[in-house]
Amino acid sequence: MRYNDGNADELKTKFWKALADSPFVFLQRDGEPQTAVPMTAQTDEDADSAIWFFTQKDSDFAKLGPVTATYEGKGHNVYARFHGSLFIEDDQERFDQFWNNFVEAWYDGGKDDPDILFLRMDLRDAEIWSGEMGILTTAKMTLGMTVHDEVQDKHLETTL
């Protein structure tokens, strides 16, 4: 784990809050870069080791298995790359929890659309970077000065 001067738990918390605020990730099946597409992550503050996705039964993600997601928070305040595995989620209560008008817009048949595939991504490991630089670091960058030491402690390798 690289996070020399900061609080690793604080950065993980920052990641989860950012993802809840702007839940768009770029998801791809591992080893298949052509499958990368933007997806909306459904998050639950009480379930910090999983996220959920609605997709279609004919999507590449219907193959399930290992995937990688990349993320950039709103305002560039946090960046992440995280890994996990996709599984079919059959919990109807969880399905109902995440169903909303934005999801329904993708399915002509609403909740009963036969093409809906509801997936859970069980998370493994992640790399998270803080994008907050501070005024001194920003000034150094403007002047072309080295900032490597100042930003090195803004990176965390962790298990989510």
Side-chain angles (χ1 to χ4, degrees), residues 1-3 6-133 151-152 154-160:
M1 179 183 300
R2 287 180 279 167
Y3 198 68
N7 181 329
D9 289 334
E10 191 176 287
L11 187 53
K12 284 171 67 172
T13 299
K14 181 179 178 179
F15 163 73
W16 283 110
K17 285 181 180 180
L19 187 60
D21 185 45
S22 181
F24 309 107
V25 302
F26 218 64
L27 186 67
Q28 77 173 52
R29 290 182 42 79
D30 285 0
E32 298 180 34
Q34 73 280 4
T35 64
V37 295
M39 298 284 287
T40 303
Q42 308 293 328
T43 61
D44 181 336
E45 65 183 35
D46 296 323
D48 65 355
S49 62
I51 57 176
W52 291 263
F53 298 98
F54 288 94
T55 191
Q56 290 80 24
K57 289 182 178 177
D58 65 349
S59 78
D60 288 318
F61 302 117
K63 297 175 187 173
L64 308 176
V67 292
T68 298
T70 53
Y71 176 75
E72 176 185 344
K74 191 186 305 182
H76 314 292
N77 64 339
V78 66
Y79 301 88
R81 179 180 58 243
F82 50 99
H83 309 278
S85 291
L86 290 177
F87 299 92
I88 294 174
E89 178 64 81
D90 58 6
D91 182 336
Q92 186 64 43
E93 191 173 312
R94 185 69 75 181
F95 180 95
D96 292 339
Q97 173 188 356
F98 294 130
W99 187 263
N100 59 54
N101 289 341
F102 295 100
V103 174
E104 187 166 2
W106 290 92
Y107 301 97
D108 295 335
K111 282 186 176 182
D112 298 320
D113 193 303
D115 193 36
I116 295 174
L117 182 60
F118 187 46
L119 300 175
R120 181 186 73 249
M121 180 180 177
D122 289 345
L123 304 174
R124 290 190 317 261
D125 56 323
E127 288 192 71
I128 305 170
W129 294 266
S130 175
E132 295 175 359
M133 300 258 188
V151 297
Q152 187 171 4
K154 307 272 188 196
H155 175 242
L156 169 69
E157 293 180 27
T158 186
T159 301
L160 287 174

Is [Y] close to [X] at the side-chain level, that is, under 4.5 Å between some pair of heavy atoms?
{"X": "Gln28", "Y": "Pro33", "answer": "yes"}
{"X": "Gln56", "Y": "Tyr107", "answer": "yes"}
{"X": "Ile51", "Y": "Leu19", "answer": "yes"}
{"X": "Pro23", "Y": "Gln42", "answer": "no"}
{"X": "Tyr71", "Y": "Val78", "answer": "yes"}
{"X": "Trp52", "Y": "Gln97", "answer": "no"}
{"X": "Gln34", "Y": "Asp60", "answer": "no"}

Residue from Trp99, Phe98, Phe102 passing ring-ring contact (aromatic ring centres under 6.0 Å, His included) with Phe54 =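 In the set Trp99, Phe98, Phe102, the residue that makes a ring-ring contact (aromatic ring centres under 6.0 Å, His included) with Phe54 is Trp99.
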
Using 4.0 Å as the upper bound for N to carboxylate O, is an ion pair formed by Asp122 and Arg120?
-> yes

Lys/Arg-Asp/Glu bridge criterion (N-O < 4.0 Å) met for Lys74, Asp21 = yes

Check step by step if side chain to side chain contact (heavy atoms under 4.5 Å, CB included) holds for Asp96 and Lys111.
-> CA-CA 9 Å; Asp96 292 339; Lys111 282 186 176 182; 3.1 Å; yes

Considering all heavy atoms of both residues, which atom of Ala80 and which atom of Phe15 are nearest to each other, and what is their separation?
->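 Ala80 and Phe15 have their closest heavy atoms at CB-CE1, 3.6 Å.
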
Asp125 side-chain N/O to His83 backbone N/O, donor-acceptor pair under 3.5 Å =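 No, the answer is negative, given that no donor and acceptor are paired below the 3.5 Å cut-off.
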
Lys57 side-chain N/O to Ala62 backbone N/O, donor-acceptor pair under 3.5 Å |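 Absent.
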
For Asp115 and Asp108, run side chain to side chain contact (heavy atoms under 4.5 Å, CB included): C-alpha distance rounded to whole Å, both residues' side-chain angles, the deciding distance at 0.1 Å, then the answer.
-> CA-CA 9 Å; Asp115 193 36; Asp108 295 335; over 6 Å; no

Leu86: which of Thr55, Leu119, Leu117 passes side chain to side chain contact (heavy atoms under 4.5 Å, CB included) |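 Considering Thr55, Leu119, Leu117, a side chain to side chain contact (heavy atoms under 4.5 Å, CB included) with Leu86 is found only for Leu119.
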
Working to the nearest 0.5 Å, report the span between [atom1] of [X] and [atom2] of [Y].
{"X": "Arg81", "Y": "Thr70", "atom1": "CZ", "atom2": "OG1", "value": "8.5 Å"}
{"X": "Arg124", "Y": "Phe82", "atom1": "CZ", "atom2": "CZ", "value": "12.0 Å"}
{"X": "Phe95", "Y": "Ile116", "atom1": "CZ", "atom2": "CD1", "value": "4.0 Å"}

With side chain to side chain contact (heavy atoms under 4.5 Å, CB included) as the test, would you mind laying out the steps for Trp106 and Asp113 before giving the verdict?
-> CA-CA 10 Å; Trp106 290 92; Asp113 193 303; over 6 Å; no

Decide yes or no on side chain to side chain contact (heavy atoms under 4.5 Å, CB included) for Thr35 and Lys63, but give the supporting numbers first.
-> CA-CA 11 Å; Thr35 64; Lys63 297 175 187 173; 6.0 Å; no

